[in-house]
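Report on one structure; see the data block that follows.
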Amino acid sequence: MQAAEKIMKTFVTRRIPQEGMEILSTAGVCEVSLWDSDEPIPRSELLKRVQGAHGLLCMLSDKIDVEVLDATGPNLKVISTLSAGFDHLALSEIKKRGIRVGYTPDVLTDATAELTVALLLATARRLPEGVEEVKKSVSPSCLSSLAVWGLSGSTVGIIGLGRIGMAIARRLMPFGVKKILYSGRTAKTQAAEVNGEFVPLDTLVPESDFIVVSCSLTPETQGLCDKAFFSKMKNTAVFVNSSRGAVVNQEDLYEALSSGQIAAAGLDVTTPEPLPTNHPLLTLKNCVVLPHIGSATYSTRGVMSALAARNLLGGLQGTDMPSELTI
Ligand code: NDP
Ligand code: DGY
């Protein structure tokens, strides 16, 4: 009876790969309640289900703000997010309440960099258009009508040379990229590996043939890629974003793409997600939109799930978390 009283309540906001569920259910530390769906939990349900929880295991689609924290109540010790990004968490309020936070960086870096390079190539080489052409008729004129500028000999600008930005740069070098420029708050020693040059954004934007956004979403990066930004890009340049949709002003991007101000855009992330099926960006041939699948490999999602579960247990038990967010 006494042991049962010690069991803590955990709420998991969506189905997660079994690796994490197994860790939680065999630990004997918490009673797990799950929103048993692959879809994001509706806000009204989230506010109900969190009540009294000691631990929350959430997704990037769950906005954990004051309302959710208040609805959860004073038991809450730990929030473990199944993501590397943490812009959906009201961190200052969470920290003020003494709640610990776990997240899942590093383990998804390779998968996300791989997807970003795939998206860059698909967008730059117009693969979706080529596939559609084949379904209509194979015309020799496609050789010229689908011709583009390739990566070889190009300048690539990376906004945010963090874990994922660096992994993207490493993967792009073997394509014969001439120069890597990057911008951010601070120069990175690891940039030497790819001869990356730290430059102001005002230099990166007009000089790049490809711009890849891989920074975190913060008040400074929100809406960073706007009309002024796109107007400085080369008309032949390709824009790729695998960070967060809110870094981009999508109306300005639509204008830049439809007016020929820039050549093409590839987006793994948008606002909102998913985009409504009648969204203007989806009408453009030169815009390739994916449903936020950067980390979506079986092994990566499994490892993320296990890490998120271990973070949660560490927070519940007051011990080390394998990946605690300490900022
Ligand atoms: P890191 O913390 O390693 O990198 C974040 C980078 O953002 C840092 O290099 C940082 O530069 C840069 N940055 C911060 N502020 C600015 C700014 N004002 N201007 C330019 N750059 C800035 O994180 P990760 O590489 O692991 O992840 C990056 C982001 O990718 C996540 O926050 C998440 O949003 C997104 N992501 C998307 C995925 C997907 O499925 N598409 C999967 C995983 C992550 P500095 O150090 O100089 O401050
Ligand atoms: C993250 O981890 O931040 C991604 O966007 C989803 O895996």
Side-chain angles (χ1 to χ4, degrees), residues 13-14 16-17 20 40 57-62 64 80-89 91 101-120 157-171 180-191 194 196 198-205 211-226 229 240-248 266-271 273-274 288-305 307-308 311 323 325-327:
T13 64
R14 200 185 305 179
I16 60 171
L57 196 157
C58 69
M59 311 292 133
L60 62 95
S61 49
D62 305 316
I64 307 296
S80 170
T81 183
L82 193 95
S83 62
F86 45 83
D87 47 278
H88 55 303
L89 307 178
L91 270 193
V101 176
Y103 70 141
T104 62
D106 296 310
V107 295
L108 45 50
T109 294
D110 286 346
T112 308
E114 180 178 283
L115 184 280
T116 307
V117 171
L119 177 58
L120 184 152
I158 300 184
I159 300 178
L161 198 74
R163 291 172 288 247
I164 295 171
M166 189 62 206
I168 293 167
R170 279 194 200 101
R171 282 160 175 76
I180 299 256
L181 305 176
Y182 72 99
S183 68
R185 287 173 297 191
T186 51
K188 307 285 173 211
T189 48
Q190 64 269 28
V194 291
F198 184 53
V199 292
L201 200 62
D202 275 350
T203 303
L204 182 146
V205 175
I211 294 182
V212 180
V213 183
S214 55
C215 60
S216 34
L217 173 62
T218 67
E220 293 77 46
T221 60
Q222 176 139 15
L224 180 76
C225 306
D226 61 3
F229 177 103
V240 173
N241 182 17
S242 63
S243 67
R244 285 291 183 265
V247 174
V248 175
L267 311 173
D268 184 40
V269 288
T270 56
T271 312
E273 290 176 0
V288 179
V289 184
L290 300 178
H292 202 146
I293 51 172
S295 64
T297 71
Y298 289 121
S299 54
T300 301
R301 297 300 296 181
V303 174
M304 287 171 71
S305 171
L307 179 55
N311 281 337
S323 187
L325 183 64
T326 50
I327 57 162

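Note that the numbering runs from 1 along the sequence shown for the chain. Counting starts at 1 for both ligands and their atoms, in listed order.
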(message) Is there a polar contact, in the sense of an N or O pair closer than 3.5 Å, between S83 and ligand 2?
(response) no

(request) May I ask you to identify, for T186, whether its side chain, its backbone, both or neither come under 4.0 Å of ligand 1 on a heavy-atom basis? (result) both

(request) May I ask you to identify, for P105, whether its side chain, its backbone, both or neither come under 4.0 Å of ligand 1 on a heavy-atom basis? (result) neither

(message) Counting only heavy atoms closer than 4.0 Å, does ligand 2 sit against the backbone of T112, its side chain, both, or neither?
(response) neither

(message) Please check whether A84 reaches ligand 2 - meaning an N/O of the residue sits under 3.5 Å from an N/O of the ligand, judged on distance alone.
(response) yes

(request) Starting from atom 14 (C) of ligand 1, find the nearest protein heavy-atom neighbour and note its residue, name and distance. (result) R185 NH2, 3.5 Å

(message) Please list the nearest protein heavy atom to atom 19 (N) of ligand 1 with its residue and the distance rounded to 0.1 Å.
(response) T221 CG2, 3.9 Å

(request) Would you check whether L217 reaches within less than 4.0 Å of ligand 1, judged by its heavy atoms? (result) no

(message) Assess, by modelled atom type and distance only, whether the side chains of S83 and T81 contain a donor and an acceptor separated by less than 3.5 Å.
(response) yes

(request) Report, in ascending order of atom number, the atoms of ligand 1 lying under 4.0 Å from any heavy atom of G294. (result) 39 (C), 40 (O)

(message) For the 3.5 Å polar cut-off, considering only N or O atoms, please tell me whether G162 and ligand 1 meet it.
(response) yes

(message) Show me which atoms of ligand 1 lie under 4.0 Å from any heavy atom of S295.
(response) 40 (O)

(request) Would you mind checking which non-hydrogen protein atom is closest to atom 1 (P) of ligand 1, with the distance to 0.1 Å? (result) R163 NH2, 3.6 Å

(request) Decide whether the shortest distance between a heavy atom of M166 and an atom of ligand 1 is less than 4.0 Å. (result) no

(request) Return a yes/no value for D87: is any of its N or O atoms, backbone included, closer than 3.5 angstrom to an N or O of ligand 1? (result) no

(request) Pull out every atom of ligand 2 sitting under 4.0 Å from any heavy atom of R244, numbered as shown with elements. (result) 1 (C), 3 (O), 4 (C), 5 (O)

(message) Quick check: S242 and ligand 1, any N/O pair under 3.5 Å apart?
(response) yes

(message) As an exercise, identify every atom of ligand 2 less than 4.0 angstrom from a heavy atom of L108.
(response) 2 (O), 7 (O)

(message) Is the contact between L161 and ligand 1 made by the side chain, the backbone, both, or neither, using heavy atoms and a 4.0 Å cut-off?
(response) backbone

(message) With heavy-atom distances below 4.0 Å as the criterion, list the atoms of ligand 1 near L108.
(response) 43 (C)

(request) Give the residue, atom name and distance (to 0.1 Å) of the protein heavy atom nearest atom 33 (C) of ligand 1. (result) R244 NH1, 3.5 Å

(message) Does any part of the side chain of S214, heavy atoms only, come nearer than 4.5 Å to the side chain of T116, both counted from C-beta?
(response) no

(message) Strictly below 4.0 Å, N to O, side chains only: are D110 and R170 in salt-bridge contact?
(response) no

(request) Within a distance under 4.0 Å of any heavy atom of R301, pick out the atoms of ligand 2 and give their elements. (result) 7 (O)

(request) Mind checking whether A296 contacts ligand 1 via backbone (N, CA, C, O), side chain (CB onward), both or neither, at a 4.0 Å heavy-atom cut-off? (result) neither

(request) Could you list the atoms of ligand 2 found under 4.0 angstrom from a heavy atom of G85? (result) 1 (C), 2 (O), 3 (O)

(message) Among all protein heavy atoms in this structure, tell me which lies nearest to atom 7 (O) of ligand 2, with the distance rounded to 0.1 Å.
(response) S295 OG, 2.9 Å

(request) For S214, take its heavy atoms, then give the atoms of ligand 1 lying under 4.0 Å from any of them. (result) 28 (C)

(message) Within this structure, what is the CG-OG1 distance for the pair L82 and T13, rounded to the nearest 0.5 Å?
(response) 8.5 Å

(request) Give the residue and atom name of whichever protein heavy atom lies nearest to atom 22 (C) of ligand 1, and the separation in Å to one decimal. (result) C215 CB, 3.7 Å

(request) For the pair Y103 and F86, name the ring-plane relationship: parallel under 30°, tilted 30 to 60°, perpendicular over 60°. (result) perpendicular

(request) Provide the number and element of each atom of ligand 1 under 4.0 Å from a heavy atom of I164. (result) 24 (P), 25 (O), 26 (O), 27 (O), 30 (O), 43 (C), 44 (C)

(request) Answer with side chain, backbone, both or neither: which part of T104 has a heavy atom less than 4.0 angstrom from an atom of ligand 2? (result) neither

